[in-house]
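A short write-up of the structure that comes next.
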Amino acid sequence: MKKTLLIVCLSALAFSCKDKAPKETKEAEATAENTIKEEPKENEWTVLFDGSNLDNLKLYGNNNAIENWKIEDDALVFYPPTDRPKDTYYNLVTKEKYTNFVLSIDWKISEGGNSGIFWGIKDDGTYGQPYETGLEVQVLDNKNHPDAKNGTDRQAGALYDMVAPSKDATKPVGEWNTAVITINHKTNKGSSVLNGVTVAEFPLNGKDWDNLLKNSKFNGWDGFAKYKTGKIGVQDHGNIVSYRNIKIKELD
């Protein structure tokens, strides 16, 4: 009976001591726990354009002030100039380079309009246009732009001139579309998702890629698709186009 009583007393004492741990110790433990919970997760989204500034973007080919792109209602809107100097374009590219990623971007095209979303762009003054090096997912008014009549592989959501969309998933002109482009060289897989529909899937190297390239307008181009790591950009194709909610998740 005495032995049992002793055990109970010791247990109560131990529990009491634990409850009376110094306040500083408890606060330190709580802070450590919160610190662990607040550590950033891997592969989080990085915002490239949130409707407030152009800090993450530049004109392709030079570092001049960005022209003809305006921020309106949290969107990035391109207005083609009426007095464009010869051989002058206003393509926008990211300041940073990317390799493996998921890119999410909303776009809205004007009636009869054309634009594009590029990646793998070489921006060092060697080439005059992003499309000379970068692959493109097409942005287009499928009903009214003549390029849509030149083949389905030139319609919205296509890997331009290479892989046609499985269906026309676009919304009517004047409405916002959401494109999600995944590029993963580690798995040799790329995809174009338009408004929640996977409209195109494609390899990034190997025999199947070689066949796609051979049968496209880009066959024999010196720099096309040569740069796994490059900039991401949106195209000045001479038409009004809007972009918003531009964000990227790196897969490295």
Side-chain angles (χ1 to χ4, degrees), residues 40-58 60 66 69 71-78 91-110 113-121 123 130-131 134-142 155-160 162-163 165-202 204 228-237 241-252:
K41 297 178 181 179
E42 293 183 2
N43 300 329
E44 286 188 339
W45 291 101
T46 297
V47 176
L48 299 177
F49 175 73
D50 64 359
S52 64
N53 63 71
L54 302 174
D55 292 350
N56 297 313
L57 304 169
K58 65 179 287 292
Y60 174 78
I66 293 175
W69 292 87
I71 298 177
E72 297 179 354
D73 298 324
D74 296 327
L76 179 61
V77 186
F78 177 70
N91 303 291
L92 278 190
V93 296
T94 56
K95 292 180 179 178
E96 301 296 326
K97 299 176 183 178
Y98 302 93
T99 306
N100 302 308
F101 58 85
V102 180
L103 175 73
S104 180
I105 179 170
D106 296 343
W107 61 263
K108 180 170 64 175
I109 195 67
S110 55
N114 188 337
S115 184
I117 304 163
F118 296 95
W119 65 93
I121 299 171
D123 180 28
Y131 62 71
L135 287 85
E136 175 188 2
V137 162
Q138 177 76 305
V139 170
L140 197 76
D141 173 4
N142 285 344
Q155 295 182 0
L159 178 64
Y160 183 75
M162 303 185 82
V163 178
S166 57
K167 63 178 293 185
D168 184 351
T170 57
K171 294 183 179 180
V173 169
E175 294 187 18
W176 285 102
N177 298 268
T178 297
V180 178
I181 300 168
T182 300
I183 301 299
N184 194 335
H185 292 278
K186 295 182 294 184
T187 60
N188 192 27
K189 292 181 179 179
S191 66
S192 167
V193 176
L194 184 58
N195 297 322
V197 179
T198 301
V199 294
E201 295 179 294
F202 44 89
L204 301 169
K228 290 184 178 180
T229 299
K231 296 185 175 182
I232 291 169
V234 290
Q235 187 183 32
D236 158 16
H237 203 284
V241 63
S242 303
Y243 294 98
R244 70 179 185 186
N245 298 332
I246 308 174
K247 59 184 181 179
I248 193 167
K249 182 189 297 184
E250 295 190 74
L251 299 178
D252 284 335

Plane angle bin for Trp119 and Phe202 - parallel if under 30°, tilted between 30 and 60°, otherwise perpendicular: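 It falls in the parallel class, under 30°.
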
Nearest-0.5 Å distance that lies between atom [atom1] in [X] and atom [atom2] in [Y]:
{"X": "Asp141", "Y": "Ser115", "atom1": "CG", "atom2": "OG", "answer": "12.5 Å"}
{"X": "Thr46", "Y": "Lys247", "atom1": "OG1", "atom2": "NZ", "answer": "11.0 Å"}
{"X": "Leu204", "Y": "Thr187", "atom1": "CG", "atom2": "OG1", "answer": "7.5 Å"}

Heavy atoms only: give me the nearest [X]-[Y] pair and the separation to one decimal.
{"X": "Thr170", "Y": "Ala156", "result": "CG2-CB, 3.4 Å"}
{"X": "Asn195", "Y": "Ala169", "result": "ND2-O, 2.8 Å"}
{"X": "Asn184", "Y": "Lys186", "result": "OD1-N, 3.0 Å"}
{"X": "Ile71", "Y": "Gly51", "result": "CG2-O, 3.1 Å"}
{"X": "Val163", "Y": "Ala200", "result": "CG1-CB, 3.9 Å"}
{"X": "Gln155", "Y": "Leu140", "result": "CA-CD2, 4.1 Å"}

Are any non-hydrogen side-chain atoms of [X] and [Y] less than 4.5 angstrom apart?
{"X": "Val193", "Y": "Val199", "value": "no"}
{"X": "Leu54", "Y": "Leu57", "value": "yes"}
{"X": "Leu92", "Y": "Lys58", "value": "no"}
{"X": "Glu136", "Y": "Leu159", "value": "no"}
{"X": "Ile117", "Y": "Tyr243", "value": "yes"}

Using atom types as modelled and distance alone, determine if a side-chain donor or acceptor of [X] lies under 3.5 Å from a backbone N or O of [Y].
{"X": "Asn56", "Y": "Leu48", "result": "yes"}
{"X": "Asn100", "Y": "Leu251", "result": "no"}
{"X": "Ser192", "Y": "Ala158", "result": "no"}

Reference residue Ile246; test side chain to side chain contact (heavy atoms under 4.5 Å, CB included); the match among Asp50, Val47, Thr94, Ile105: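 Answer after filtering Asp50, Val47, Thr94, Ile105: Ile105.
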
With sequence neighbours excluded, residues passing ring-ring contact (aromatic ring centres under 6.0 Å, His included) with Phe78: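 For Phe78, the residues satisfying ring-ring contact (aromatic ring centres under 6.0 Å, His included) (neighbours in sequence not counted) are Trp69.
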
Over 12 non-hydrogen atoms of neighbours within 6.0 angstrom of CG in Asp73: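 For Asp73, atom CG is not crowded (no more than 12 foreign heavy atoms under 6.0 Å).
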
Donor-acceptor side-chain pairing of Asn91 and Asp236 below 3.5 angstrom: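 No, Asp236 and Asn91 have no side-chain donor paired with an acceptor closer than 3.5 Å.
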
Check against side chain to side chain contact (heavy atoms under 4.5 Å, CB included), Ile183 and Tyr98: CA-CA 10 Å; Ile183 301 299; Tyr98 302 93; over 6 Å; no

Pairs involving residues 95-109, ordered by first then second residue, that meet salt bridge (charged side-chain N to carboxylate O under 4.0 Å, His left out) (sequence neighbours left out):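 Passing the test, one end in residues 95-109: Asp106-Arg244.
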
Please list every donor-acceptor pair under 3.5 Å in which a side-chain atom of residues 228-235 meets a protein atom from a residue at least two apart or in another chain.
unit_1	atom_1	unit_2	atom_2	d
Thr229	OG1	Thr99	OG1	2.5
Lys231	NZ	Asp123	OD2	3.0
Gln235	OE1	Gly116	N	3.4

